[in-house]
Amino acid sequence: MSSFDEMDAFEGASLSARAMAARPSPYLDDLNPAQRAAVERLDGPVLMLAGAGTGKTKALTARIVHLLMTGKARPNEILAVTFTNKAAREMKARVGRMLGQPAEGMPWLGTFHAICVKLLRRHAELAGLKSNFTILDTDDQLRLLKQLVQAAGIDDKRWPARMLAGIIDGWKNRALTPDRVPAADAGAYNRKGVDLYAQYQTRLRELNAVDFGDLLLHMVTIFQTHQDVLEQYQRWFRYVLVDEYQDTNVAQYMWLRLLAGAHRNICCVGDDDQSIYGWRGAEVGNILRFEKDFPGAHVVRLEQNYRSTPHILAAASNVIRGNEGRLGKELWTDAEGGEKVRLIGHWDGEEEARWIGEEIDAMQGGTRGMRSFHLDEIAILVRASHQMRAFEDRFLTIGLPYRVIGGPRFYERMEIRDAMAYFRLVVSPADDLAFERIVNTPKRGLGDKAQQTIQITARAHGVSLVEGARLALEQGLIKGKGGAALGQLVGDLARWGRMVEDADLSHMELAEIVLDESGYTAHWQNDKTPEAPGRLENLKELVKALEGFENLQGFLEHVSLIMDNESQDAERKVSIMTLHAAKGLEFPAVFLPGWEDGLFPSQRSMDESGLKGLEEERRLAYVGITRAEELCTISFAANRRVFGQWQNAMPSRFIDELPEDHVEVLTPPGLYGGGGMPAPGIESRAAEANVYNSPGWKRLQARQGQRGMSQPRESRNTVIDMEAVASFTIGERVFHQKFGYGAVIEIEGDKVEVAFDKAGTKKVVARFLSAKDDVPF
DNA sequence: GTGCACAAACTTTTT
DNA sequence: GTTTGTGCAC
């Protein structure tokens with residue numbers, strides 16, 4: 001499909017630009033001067049630097065409406081990209097609301113991925129694919145990589161599929177095809193990685209499949225190598241809008257530059273202070289460089305905040321000030337008063353959870369001298385998901401309703417993926433990855449050997465696995481119980497495949513038939529584990545979700561990209577989520593627990609990315625604080641159990657960066673309380689004591705000072721690793737967390753053989769050993 | 001070929 | 001503390 005008339009026709013511009021231009025435009029009056037400037041400057045490059053809570057979505061949607069109202073573009077000539085489906089949905093809804101009619105005619109408002117799928121299906125042949133290519137999920141991707149590694153005869157301990165997937169993703173994020181991976185990356189060690197990457201791409205093409213990264217990568221490659229195609233789209237997309245520009249990776253950046261390169265009508269919205277996805281390839285540099293990339297760019301700053309109290313804004317501003325290389329923004333507000341940001345330290349993580357639980361209880365009743373809060377107005381934002389556990393445990397025991405946002409997504413659950421694999425096979429029998437997934441689920445007595453036979457047969461005849469299985473059965477290569485079951489499966493698949501065409505049968509009925517007759521439903525009915533009922537429930541929900549689609553194919557098409565599931569139960573609940581998941585959300589009251597060095601900022605982040613990592617952590621702190629509208633409570637604990645092992649920690653360095661004037665310290669009894677004997681009446685003393693004057697705090701200050709000189713600190717893990725390998729000598733006394741004391745017998749690379757006093761002789765990884773003198777406590 | 005037991009590795013963050 | 005992978009017995 002290459003004619004744009006066709007495109008025009010089938011995308012159907014249901015909104016008539018001209019008809020709308022006649023109507024008044026109240027949407028502009030709603031905007032403040034900065035927003036208005038960003039909206040009205042339609043032509044040429046515009047960078048909208050929108051701080052947290054400054055109404056950027058409003059401005060962005062107003063801009064789209066303005067483009068339509070002024071007749072500058074028809075709905076289908078606007079390319080508007082977001083990162084999440086949720087953001088896309090929201091924008092669609094808001095455009096519709098502003099226009100006073102549904103915005104169905106905006107086919108190119110969507111996520112990077114969704115839009116690329118659409119484009120790639122049209123030009124699949126240019127990437128060596130057929131237009132009905134499948135999109136692999138992470139699971140399929142890993143299985144494929146594992147096979148490749150094993151087939152290449154490489155030690156899969158040295159090349160775990162997960163790691164390889166990470167490396168390949170990294171390259172794809174930077175728009176690097178195997179032949180373009182720079183020598184620096186491909187050096188001695190990664191030589192094999194590039195090799196495997198190339199093989200992986202070949203294999204994907206054979207399977208007529210792409211992974212997530214490919215969606216962008218293929219389109220960039222096509223645009224770069226097919227000038228005519230690029231030019232078509234450059235003409236077609238007259239205006240380009242990008243949300244969350246600070247989160248774009250190199251591939252997305254190149255894609256945008258290619259598309260907007262000719263007319264340069266590109267408007268990027270973002271906030272360099274909220275760039276928190278560097279670890280998955282996002283480049284803050286993209287937004288920092290915007291004016292260089294698009295000379296003559298108009299930069300608008302949205303700085304008036306409509307969300308938070310002055311205290312909260314002051315706290316956030318003061319923290320983020322510690323970062324270098326910002327474009328610079330200062331949030332301000334008309335609002336006055338409000339509570340100061342509250343800071344509290346606890347003895348340990350459990351106490352922290354207990355305190356927050358009690359606090360929430362009190363807030364509900366309005367017994368904190370403030371207005372009362374509903375549970376759904378309260379959120380707990382954590383750095384790492386394992387922190388959620390303490391809160392879940394606590395809230396369960398006190399019966400406080402909560403909801404975890406994020407977690408494993410609906411479509412990532414095992415049973416859903418299994419069911420989807422069945423559907424995929426019914427629709428396209430050549431889907432080998434789907435076949436591999438379900439041949440032996442439920443158990444059919446087809447183990448490694450039988451599966452290998454199928455693989456070999458299929459490869460020998462150059463056919464799909466299903467076909468290979470059929471041939472292998474014919475030739476009597478698979479016998480017995482397994483053979484019978486396989487015969488049944490192959491027959492069933494063919495039968496179900498024919499039922500797809502059956503007009504009398506809805507695709508929902510078909511889905512149920514497939515799940516029942518394959519024995520998959522029974523498999524979970526017979527399962528006695530506690531999660532089995534939930535899984536059956538999920539399967540029911542999956543079938544229900546089919547209702548919204550014309551047929552199975554249509555469903556499968558969409559599902560691979562729609563990974564979010566908003567559980568929409570109406571009950572008021574406290575939200576628990578990670579800081580990352582909280583971006584873009586806001587809550588009247590926010591708790592930010594776990595502000596301890598090592599946890600937040602995360603040690604790993606600093607180890608891996610040094611100062612850059614620390615700055616990203618700081619932005620995360622900024623994002624966290626700015627989620628709060630009225631009340632923000634930061635807390636830290638002196639002790640925390642990590643891996644079931646107690647560790648103590650210093651309060652986060654970010655706590656030092658909070659402005660004293662805007663912080664109220666709620667003195668806890670205990671370590672940070674007043675440094676001494678808990679005397680009677682500590683409750684009242686606690687009310688006036690001040691962490692800033694406590695010995696614990698001063699100690700902390702002193703430590704911070706020393707550390708400040710050598711920031712960022714040397715990687716703790718690396719040091720231990722290297723010392724561990726280098727320093728152990730045969731005969732040395734060592735300590736292992738689980739096995740206790742022992743003596744080194746032999747050293748082999750990173751593995752050390754130790755004769756433990758009580759646990760016998762074991763070979764363990766050096767990292768889990770410490771020299772006897774180093775033993776903590 | 002399946003199921004159990006034990007040991008290792010693991011914990012950021014995810015479109 | 002939990003999951004995942006491996007080795008062993010049935």
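What you see is a predicted model, and the numbers here were worked out from it, not measured in a lab. These numbers come from the heavy atoms of this one structure, side chains and all, not from hydrogens, waters or symmetry mates. So that the names make sense, note that chain A is the first sequence line, chain B the second, and so on, each numbered from 1.
- Put simply, CG on A:L136 is 17 Å from C1' on B:dT14, counting in whole angstrom units.
- If you check B:dT14, B:dG1, C:dG5 against the side chain of A:Y277, the one that comes closest is B:dT14.
- Among the protein residues, A:T578 comes within range of the sugar-phosphate backbone only, with heavy atoms under 4.0 Å from sugar or phosphate atoms but none that close to a base.
- Summarising the geometry, the separation between CZ on A:R444 and C1' on B:dT2 is reported as 16 Å, rounded to the nearest angstrom.
- Residue contacts for A:D393: at a heavy-atom cut-off of 4.0 Å it reaches no nucleic acid atom on any strand shown.
- Residues passing the side-chain hydrogen bond (donor to acceptor under 3.5 Å, both in side chains) test with A:Q451, sequence neighbours excluded: none.
- If you take CZ of A:R162 and C1' of B:dA8, they are 16 Å apart, rounded to a whole angstrom.
- Here B:dT11 presents its P atom at 16 Å from CD of A:Q647, a figure rounded to the nearest Å.
- Of the two residues contacting DNA chain B, namely A:L446 and A:V642, the nearest-nucleotide position lying further toward the 5' end is that of A:L446.
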List the steps and the verdict of side chain to side chain donor-acceptor pair (under 3.5 Å) for A:E244 and A:Q274. CA-CA 9 Å; A:E244 307 280 18; A:Q274 290 188 66; over 6 Å; no
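- Using the six-membered ring where Trp is involved, A:Y520 and A:W524 have ring planes that are perpendicular, over 60° apart on the 30 and 60° scheme.
- Among residue pairs with one or both ends in residues 210-222 of chain A, those qualifying as salt bridge (charged side-chain N to carboxylate O under 4.0 Å, His left out) are A:K172-A:D211, A:K172-A:D214; sequence neighbours excluded.
- Ranking B:dT2, B:dT11, C:dG5 by closeness to the A:K443 side chain, first place goes to B:dT2.
- Residue contacts for A:L579: at a heavy-atom cut-off of 4.0 Å it reaches no nucleic acid atom on any strand shown.
- As rounded to whole Å, 8 Å separates atom P of B:dT2 from atom NZ of A:K481.
- Remark: A:W279 engages A:Y277, A:H580 in a ring-ring contact (aromatic ring centres under 6.0 Å, His included) (not counting sequence neighbours).
- When the side-chain nitrogen and oxygen atoms of A:N440 are compared with OP1 and OP2 of B:dT2, one or more of them lie within a distance under 4.0 Å.
- Checked against side-chain hydrogen bond (donor to acceptor under 3.5 Å, both in side chains), A:R437 has the following partners two or more places apart in sequence or in another chain: A:D139, A:D418.
- In this structure, the nucleotide among C:dG5, B:dG1, B:dT11 sitting nearest to the side chain of A:A450 is B:dG1.
- Distance A:E616 CD to B:dT14 P: 13 Å, rounded to the nearest Å.
- With sequence neighbours excluded, the residues satisfying side chain to side chain contact (heavy atoms under 4.5 Å, CB included) with A:S575 are A:A379, A:I405, A:M577, A:F587.
- Separating the CE atom of A:M163 from the C1' atom of B:dC10 is a distance of 16 Å, rounded to the nearest angstrom.
- Each of A:Q451 and A:H580 was matched to the nucleotide of DNA chain B holding its nearest heavy atom; the match closer to the 5' end belongs to A:Q451.
- Distance CG (A:D247) to P (B:dT14): 13 Å, rounded to an integer number of Å.
- Residue A:A581 has its side chain nearest to B:dT14 when only B:dT14, C:dG5, B:dG1 are considered.
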Can you give me the N/O atom pairs linking the protein to nucleotides 1-4 of chain C at distances under 3.5 Å, or say none if there are none?
unit_1 : atom_1 : unit_2 : atom_2 : d
C:dG1  : O3'    : A:R389 : NH2    : 3.1
C:dT2  : OP1    : A:R389 : NH2    : 2.9

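- Remark: A:R121 is positioned above the aromatic ring of A:F133, its terminal NZ or CZ atom under 6.0 angstrom from the ring centre and at most 45 degrees off the axis.
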